[in-house]
Amino acid sequence: MLQGHQSWQFENKPVIISASSVVGPDESEGPLAEEFDIGHGDLMIGQKSWEQAEKKLLEDAATHAIERANLTKEQIQFYIGGDLMNQTISNGFAARTLGIPYLGVFGACSTSMESLALAAHIVNAGSAKYVMAGTCSHNCTSEKQFRYPTEYGSQKPPTAQYTVTGAGVAIVAPQGEGPVVTRATIGRVVDMGITDPFNMGAAMAPAAVETIGAHFRDFCITPGYYDLIVTGDLGQVGYDIANALFEKHRFPIGETEYKDCGLMIYDRTKQTFVNSGGSGCACSATVTYGHLLKQLKRGALNRILVVATGALFSPLSFQQGESIPCIAHAVAIENGGGST
């Protein structure tokens, strides 16, 4: 049901009965390596192109999640997903392989929580029994489309982030074993006039803070309600800006632990090539579905709020001098036995 102005309360508590995370070689050498289900040793993943490799990442994650749920793909009513590629081709082609009725969405790097919120909404309303949500990204496809081809070897400023190669998928059902989705807040588009595609953290941080503030206003709770609030892929620059904005607006973020997926997935002291940290659709997806859900199941966490962030620009809009509008979507996930 609608809560406040831009949030949903899922009174039936849809369950994430299965999830899977698949990553590439750099993520397999990061601090969360043991948490991912599949780690590929090369960026091509046995395919003829990086675009085909990205599609394969998503297909692997979807297949693994379906098998883990003891389901067949024919039992999944809907698949909701998107990616960074033009016309979301990674998801479209993967949906062709899977043969599951497909709803394509685009929220840039916020797609992980956009798709999960919609999946939970559909299941909560009784409109489907099994809905799959997922997304993917690949470092080389994103560099090729948004910046410069990898072969060009262009230098990047310290504010730049490193697109995560990976895919994350979750299957939501009305009942079963697993963490439950209890709330979601749909973000507004925020544009602070940033035009630098190598400074996504600065562009996305205000959107993250806006959505987090809206979530707590709509539900009349405080940050201490959650054990952890995690943003999607602000990196170090965006994370610092977000903290400064929390302080400026006197938002009590200190009541809880606040982290960023872009800082969790890599070890920036050793993997210096990631600059400010991770980004890409797979950043929050793999950290959430590969690490955070396991933390919930282990009892290390009981309630988390995942705030995936995305920059809604394209190569064309950048070339035409447009600024970079951004958005963030928040989803609350709790232990199956947790109380709301």
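Just so you know, residue 1 is the first one in the sequence shown, and it goes up from there.
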- request: On the 0 to 90° scale, with breaks at 30° and 60°, tag the F216-Y226 ring pair as parallel, tilted or perpendicular.
  value: perpendicular
- prompt: Does N139 use its side chain to pair, donor to acceptor, with the backbone of T163 at less than 3.5 Å?
  reply: yes
field: R96 to F93, cation-pi by 6.0 Å centre distance and 45° axis angle
entry: yes
- request: Apply side chain to side chain contact (heavy atoms under 4.5 Å, CB included) to the pair L118 and W8, showing each step before the final yes or no.
  value: CA-CA 10 Å; L118 291 171; W8 294 323; 4.1 Å; yes
- request: Kindly write out the residues that satisfy salt bridge (Lys or Arg N to Asp or Glu O under 4.0 Å) with R188, not counting sequence neighbours, or none if the list is empty.
  value: E210
message: Looking at every heavy atom in both A119 and I80, which two are closest together, and how far apart are they?
response: N-CD1, 3.7 Å
- prompt: What's the shortest heavy-atom distance between A170 and L116, and which atoms?
  reply: CB-CD1, 4.5 Å
task: May I ask whether Y162 and L263 are part of the same hydrophobic cluster, defined by side-chain heavy atoms of I, L, V, M, F, W, Y residues being less than 4.5 angstrom apart, directly or through others?
output: no
message: Going by side-chain contact (heavy atoms from CB on, under 4.5 Å), name the residues that satisfy it together with C136, two or more places apart in sequence or in a different chain.
response: E54, L58, D83, S90, N91, A167
- line: Heavy atoms of G262 and D260 approach each other most closely as N-OD2, 3.0 Å
- request: Using the rule that two of Ile, Leu, Val, Met, Phe, Trp, Tyr join whenever any of their side-chain heavy atoms come within less than 4.5 Å, decide whether M200 and Y266 are in one cluster.
  value: no
query: For the hydrophobic clusters of this structure (ILVMFWY residues joined by side-chain heavy atoms under 4.5 Å, transitively), does one cluster hold both V105 and I122?
result: yes
Stepwise side chain to side chain contact (heavy atoms under 4.5 Å, CB included) check, I324 with D191: CA-CA 6 Å; I324 302 173; D191 189 339; 5.7 Å; no
- prompt: Would Y79 and L103 satisfy side chain to side chain contact (heavy atoms under 4.5 Å, CB included), going step by step from the backbone distance to the final call?
  reply: CA-CA 6 Å; Y79 169 59; L103 291 165; over 6 Å; no
task: With ring-ring contact (aromatic ring centres under 6.0 Å, His included) as the test, would you mind laying out the steps for Y225 and F219 before giving the verdict?
output: CA-CA 11 Å; Y225 180 87; F219 291 106; 9.0 Å; no
message: Assess the residue pair D233 and T309 against the criterion (side chain to side chain contact (heavy atoms under 4.5 Å, CB included)); give the C-alpha distance rounded to whole Å, side-chain angles, the decisive distance to 0.1 Å, and a yes or no.
response: CA-CA 6 Å; D233 54 344; T309 48; 2.7 Å; yes
query: Does the ring centre of Y102 sit less than 6.0 Å away from the ring centre of F78?
result: no
- line: What one should report as the nearest heavy-atom pair of V169 and A65 is CG1-CB, 3.8 Å
- request: Please check if the side chain of H329 supplies one atom and the backbone of G187 the other of a donor-acceptor pair under 3.5 Å.
  value: yes
- request: Tell me, please, which residues at least two apart from F106 pass ring pair (Phe, Tyr, Trp, His ring centres under 6.0 Å).
  value: none
- prompt: Salt bridge or not for E51 and K55, using N-O below 4.0 Å?
  reply: no
field: Carboxylate-amine/guanidinium proximity below 4.0 Å for R68 and E177
entry: no
field: Q236 and S276 side chains, donor-acceptor separation under 3.5 Å
entry: no
message: I'd like to know if L234 and V306 are part of one continuous hydrophobic network [Ile/Leu/Val/Met/Phe/Trp/Tyr, side-chain heavy atoms within less than 4.5 Å].
response: no
- request: Would you check if the side chain of T286 reaches a backbone N or O of A282 as a donor-acceptor pair within less than 3.5 Å?
  value: yes
- prompt: If every non-hydrogen atom of P14 is compared with every non-hydrogen atom of A120, which pair is closest and at what distance?
  reply: CG-O, 3.5 Å
Considering all heavy atoms, the nearest C261-V230 contact: SG-CG2, 3.5 Å
query: Is the closest basic N to carboxylate O distance between R183 and E334 below 4.0 Å?
result: yes
